Every structure is written in structure tokens, then in C-alpha cells.
Q: 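Quick one: this structure, given as C-alpha cells, is what I'll be asking you about.
These numbers were taken from a predicted model, which means no experiment stands behind them. As a basis for the values below, the full set of heavy atoms in this structure was taken, side chains included, without hydrogen atoms, waters or symmetry mates.
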Amino acid sequence: MEMEVEVIHSWSAPRSLSTSLMYSFSQRDDIEVLDEPLYANFLRDPAFDRPYRDQLLSKMESDGNKVVNDIIYGPGSKKYRFCKHMSKHKVHNLPEDLLKKGKHFILIRNPLDILPSFDKVLPPTSFELGLGQLVGIYDELCDIGKPPPVIDAKELQKDPEGTLRGLCNDLEIPFQPAMLSWEAGPKPIDGLWAPWWYKNVHKSTRFEVQSKNPEPLPLSQYNLLARTLPHYNMLRSHVKKKLSILSSPSPPPDLPVPANEKLVAWVGDEIVTRESAKVSVFDSVVQGGDSVWEGLRVYDKKIFKLEEHLDRMFDSAKALAFENVPTRDEIKEAIFRTLIKNGMFDNAHIRLSLTRGKKVTSGMSPALNLYGCTLIVLAEWKPPVYDNERGIVLVTATTRRNSPNNLDSKIHHNNLLNNILAKIEANNAKADDAIMLDKDGYVSETNATNIFMVKKGRVLTPHADYCLPGITRATVMDLVVKEQFILEERRISLSEVHTADEVWTTGTMGELSPVVKVDGRTIGNGKVGPITRKLQVAYKKLTEQSGVPIELA
């Protein structure tokens, strides 16, 4: 007795364990299986040749409309129908119901594991591999409100039961243990192309772990790998459980600002999505932290102190003997374009980095950097990172600030391990940041900001000998004078900070951040002091009145 069936569609590229998965589903007592029902419709186009083309067209329905309406979605004798599809078989003349009806999932496999054996029947091409088409199918399903589950063939090999249980759960069908094994040899459900493609799978009886000694990639297929690997990686990002040694079984962490999930960034000479914002493993910033950077803040369609930050970036790059540095106008254009594409015109922060660039081979020598610098513009929605109303807490780190004898802090470089070690101490003490001392025990700065203090109406800040002469620091020093306070730049001992009337830190990320406690000592009365508050107001007014406008044209 025939009845309406629920159709389950499997979409994959060739050599992706799709036949093994079809055999797995065929072991269920509630399902019937169709092996590539759209194949003959695909081969109606004479451009797609196969050794068995004429035989297939004579024995298999080739009218795509009839296949979809009468075979795929026709009545059946069991509750479910499993349709194994190759992504390239979804050609444009098929009815819209193909994707709109039924349940769909996508099976992927790393092209590194596909390509070494792919050309045994066909010359490998991007089209024949079908990963680009697979991305298109994923996008189409998402666009109609049916985002499909994605599973990786590697997961099927490593944990067949767990992967199949998860897939069945996503498809809202019960898992059956019978899916874990099948008999060796040809099957009645095989398509007539099986003798060309299924020889190895006919030897199998279950999903087996991939060999630890995979075949090498033929060099002739390197360019094809470069074209198809991004498609695989895009789909892999939607797999619930990845099998990377770097991956975590935990759910992805929440972002501090959820809107930053869908930002674009400038890397090199192009704008890319957040997930694609990567530099080469040969880049100097990866090889040795060999890079310079600036932090910029956007207020009301203007970038505050842009020219000053660019001056310091060029100085830092020159001090480190960078070559082939982009021009000021080129960097500005990259910044403006990134902000415009993100629609970020206020309350945004830019992490601007310039690396020495990519190397021709790994190594320390800048002589290996022959590609020019790499420019990175990372813009995020980011309010000031500290509590500038109630204040922050600091501790003193045992990690000392770099001496100019070792690495001059006036170079705003990306090699921040010295600061990071101090920040670890602050984290362990549950403090906001850590004060870092110079080699003689005097206060230098915090791990991330410059520092100021007030004693009896006088504003003091350390010499910029062991610390970065921050641009926000210089701005605040100017404001101190304009507001007619006495400013002293001198050595400051830690005990002076402990007994100060007021303390604050300065930086692009936090602006002016009041400090209410240092090393367990309450600063002043434990509240934001009057001089701090007055300078906060003056600084805010300055950000409203000045800055380089974002060029919208």
C-alpha cells in the first residue's frame, strides 16, 4: 500500500562517504533509498560526459520535473525516503519544490581527502568537485528559512554513532542502531554507475577511521585545493562539532557586543568577513610579533587624533626598519572604507595594525620579507572598556616594564608579552589592570594605559622613559594645563600612588578612567575625584569638537 512519504535529502560532493551514508540509512526499517535520482537529468546536457552516459539516459528518468514530482516526492511504501544527491546535479531547470519540500542536510569532506583519489574516473575541476555548488545549496536553504544541518565525513569516521544520533535528532527522526553497519558487496539500491565509483565502499561494512597515513596531495591539484578549501571551511564552520585539535566541545562564547558578530575587516588590500579575517602563517606578526599598531576611537563621524596616531605608526615602522610601507592616504582610505562598510560612525574602536609583512620562508630575518607590509583595520562596536563612572581597581605587578636598553617602549609594537604577563597578575588578583614599575622600582604605566595622580592639587605623571608616550596621555596633559592645574612630569614612587588624593589612567580604549583602589589601598575617599571629573568633562568636549571626518564619498 502506497502512502505519502517524508523525504530526506542528502547533499554532498563526490568521494564524501555519501554512498556509505546511503547504505547506513538503507538499514532502517522505515526508509526507502534513492541513489542520485537527478543524475540522468544532469547528464541530459551533452557537456557532462561520463563513460556510462548513454546507458544511464536509456534506463533512468531524465526529465527533472518528473523526477522531482513523481519519483522524489511521489508516494511510497515506507514512512521516509532518503535521496542521495550530488550538489552539481542541482541544475537550474529543476522545480522549486525540490528545496522547499522535505528535510535537507549537507555532508562535507575536506578536499585534501578527496582530491588524491578523485581523478580515477574524471579529471578534477571545481565544478566536478561541487563544493561551490554545495555552498550555494546551503545559502538557498537558509534564504527560505530552512538552514540545513551540516555533518563532516571525518566525524562519521571518528564517531559514527554520535554523529548519526545527532543527525537523526536534527532531522527529527528516531535513531536506529542498524544504521551502524551493513553487508559488504554491491546493493540493489546502487546506481548503474557503481562499478566505476563504488569499488572501495563495496568492501566496507561500517564507517571506519581514516588512515593515519593519507595519500599526498598531487601538486597538479594544488590550485584546485586553493579554490575549493574556502568553500569547505565555510560549511565546516556550521558543523555543530568540529574535529580539530584546536576546537572545543563547548558552545561558542558570547561576544561582549553581539553586533560585532557580523563585521567586516580590512586585511592586506581587501575587506573580508570576520571569519575570513586572517593573515598568513608566514606573516611576521605570526612569526615574531613583528608589527606595529594603533588604537583609534570614532566619535560622531570623526576619528579622534587620527593624524597623531598615524604619525606614531609611521615612526614606529621606521624605528623597526619596515620597508614598502603604505602611504598615509592609503591607510586612511582603508580605515574610511572599513568604517563605512560596517556603518560605524560613532562609539566604535579601531585596532590598526601594520605588520612587516609575509615572508618567503619562515625565519627571523627581515630580509625574508619580500611581499611588503600587511595592513589590518579591525573596527568594532566598542564603548570605553573601563567603568569611568565608579572607577577601577589596580594592583602592582611583579613584572617590570621593558627598559629602553632592551626594547624601547616608544615603539608601539605588537610584541606585548611583557604587558600580558602583568595583565595575568591583574586577572589573578581580580583587578582591572596592573601597575608596572621600571627597573628602579618607580611607577611607569599600567599594562594597557598611562597613569596620572593628584596630590594637594598638583597633577603628576611619570616620565615616558619606560612607558609609551600615549596620545591620550599627551591630550590630557594639555587639558591639565588649559584647566590651570599644576602639571609635573617626574619619577613617582609606588607609595606616592598609594597615598594620592586622586589617580586615573588614560588610553584610547578607556579614555580617562578613575582609579579608586590600588593594592588594597583606597584612593582618596574611594570615589571619582573633582580634578578627574573636571578633566573627563573637558576630554568629552574635546572629542565632540575635534577629529578627522570620515570621508563618505
Q: Is there side-chain contact between Val150 and Phe105, with heavy atoms separated by less than 4.5 Å?
A: no

Q: Is the backbone N or O of Ala334 less than 3.5 Å from a side-chain atom of Thr338, with the two atoms forming a donor-acceptor pair by type?
A: yes

Q: Can you measure from CD (Gln221) to CZ (Arg227) and round to the nearest 0.5 angstrom?
A: 10.5 Å

Q: What's the separation between atom CG in Asp159 and atom CZ in Arg165, rounded to the nearest 0.5 Å?
A: 10.5 Å

Q: Under 3.5 Å, is there a donor-acceptor pair between the Asp438 and Ser444 side chains?
A: no

Q: Would you check if Val285 and Ser353 make a side-chain contact, meaning some heavy-atom pair closer than 4.5 Å?
A: no

Q: Has the side chain of Asp440 got a donor or acceptor atom that lies under 3.5 Å from a matching backbone atom of Tyr442?
A: no

Q: Counting N and O atoms only, with roles assigned by atom type, does the side chain of Lys410 sit under 3.5 Å from a partner on the main chain of Ala464, one being a donor and the other an acceptor?
A: yes

Q: Is a donor from one side chain sitting under 3.5 angstrom from an acceptor on the other, for Asn402 and Ser409?
A: no

Q: Considering residues, nucleotides and ligands other than Glu488, do more than 12 of their heavy atoms fall under 6.0 Å from its CD?
A: yes

Q: Please determine whether the number of non-hydrogen atoms from other residues, nucleotides or ligands lying under 6.0 Å from atom CZ of Arg390 exceeds 12.
A: no

Q: Going through the checks in order, is the side chain to side chain contact (heavy atoms under 4.5 Å, CB included) test met by Lys154 and Arg109?
A: CA-CA 7 Å; Lys154 195 172 183 180; Arg109 193 180 187 192; over 6 Å; no

Q: So, does Glu483 use its side chain to make a donor-acceptor pair with the main chain of Val480 at under 3.5 Å?
A: no

Q: Measure from the ring center of Phe304 to the ring center of Tyr539 and say whether it is less than 6.0 Å.
A: yes

Q: For the pair Lys301 (side chain) and Met344 (backbone), establish whether a donor and an acceptor sit closer than 3.5 Å, ignoring hydrogens and angles.
A: no

Q: Using only heavy-atom distances, determine whether the side chains of Tyr371 and Asn324 contain a donor-acceptor pair under 3.5 Å.
A: no

Q: Counting only heavy atoms not in Lys517, do more than 12 fall under 6.0 Å of its NZ?
A: no

Q: When you check the side-chain N and O atoms of Glu511 and Thr472, is any donor under 3.5 Å from an acceptor?
A: no

Q: How about Asn447 and Ile420: do any of their side-chain heavy atoms sit closer than 4.5 Å?
A: no

Q: Closest approach of Pro462 and Glu489, non-hydrogen atoms and distance?
A: O-CG, 3.8 Å

Q: Working to the nearest 0.5 Å, report the span between OG1 of Thr273 and CE of Met234.
A: 9.5 Å

Q: Given side chains that start at C-beta, do those of Gln536 and Arg533 come closer than 4.5 Å, heavy atoms only?
A: yes

Q: Is there side-chain contact between Phe314 and Val325, with heavy atoms separated by less than 4.5 Å?
A: yes

Q: With distance as the sole criterion, is a donor-acceptor pair present between the side chains of Ser284 and Asn369 under 3.5 Å?
A: yes

Q: Which value, rounded to the nearest 0.5 Å, describes the distance between Ile550 atom CD1 and Ile335 atom CD1?
A: 10.0 Å

Q: What I'd like to find out is whether the side chain of Leu352 reaches to under 4.5 Å of the side chain of Leu310, using heavy atoms alone.
A: yes

Q: Mark yes or no for whether Arg297, through its side chain, and Thr508, through its backbone, hold a donor-acceptor pair below 3.5 Å.
A: yes

Q: Between Ser276 and Val272, is there a donor-acceptor pair closer than 3.5 Å when you use the side chain of the first and the backbone of the second?
A: no

Q: Would you check if there is a donor-acceptor pair between the side chains of Gln287 and Ser362 at a distance under 3.5 Å?
A: no

Q: Would you confirm whether Thr506, through its side chain, and Thr449, through its main-chain N or O, come within 3.5 Å as a donor-acceptor pair?
A: no

Q: Just wondering, more than 12 heavy atoms not from Arg458 lying within 6.0 Å of its CZ?
A: no

Q: Can you tell me how far apart CD1 (Ile271) and CG (Asn342) are? Round to the nearest 0.5 Å.
A: 7.5 Å

Q: Keeping Asn260 on the side-chain end and Trp381 on the backbone end, is there a donor-acceptor pair under 3.5 Å?
A: yes

Q: Ring of Trp266, cation from Arg337 - is the NZ or CZ under 6.0 Å from the centre and inside 45° of the axis?
A: no

Q: Distance-only, no hydrogens or angles: does the Asp432 side chain make a donor-acceptor pair with backbone N or O of Leu394 under 3.5 Å?
A: no

Q: Enter the distance from Ile392:CD1 to Thr446:OG1 here, rounded to the nearest 0.5 Å.
A: 7.5 Å

Q: Can you establish whether the number of heavy atoms outside Asp254 located under 6.0 Å from its atom CG is more than 12?
A: no

Q: Take atom NZ of Lys527 as the centre, draw a 6.0 Å sphere, and report whether it contains more than 12 heavy atoms from other residues, nucleotides or ligands.
A: no

Q: Any Lys/Arg nitrogen of Glu307 or Arg328 sitting under 4.0 Å from an Asp/Glu carboxylate oxygen of the other?
A: yes

Q: Crowded around Lys318 NZ? As in, over 12 foreign heavy atoms under 6.0 Å?
A: no

Q: Between Leu378 and Ile350, is there a side-chain heavy-atom distance shorter than 4.5 Å?
A: no

Q: Under a 4.5 Å cut-off applied to non-hydrogen side-chain atoms, are Lys423 and Asn419 in contact?
A: no

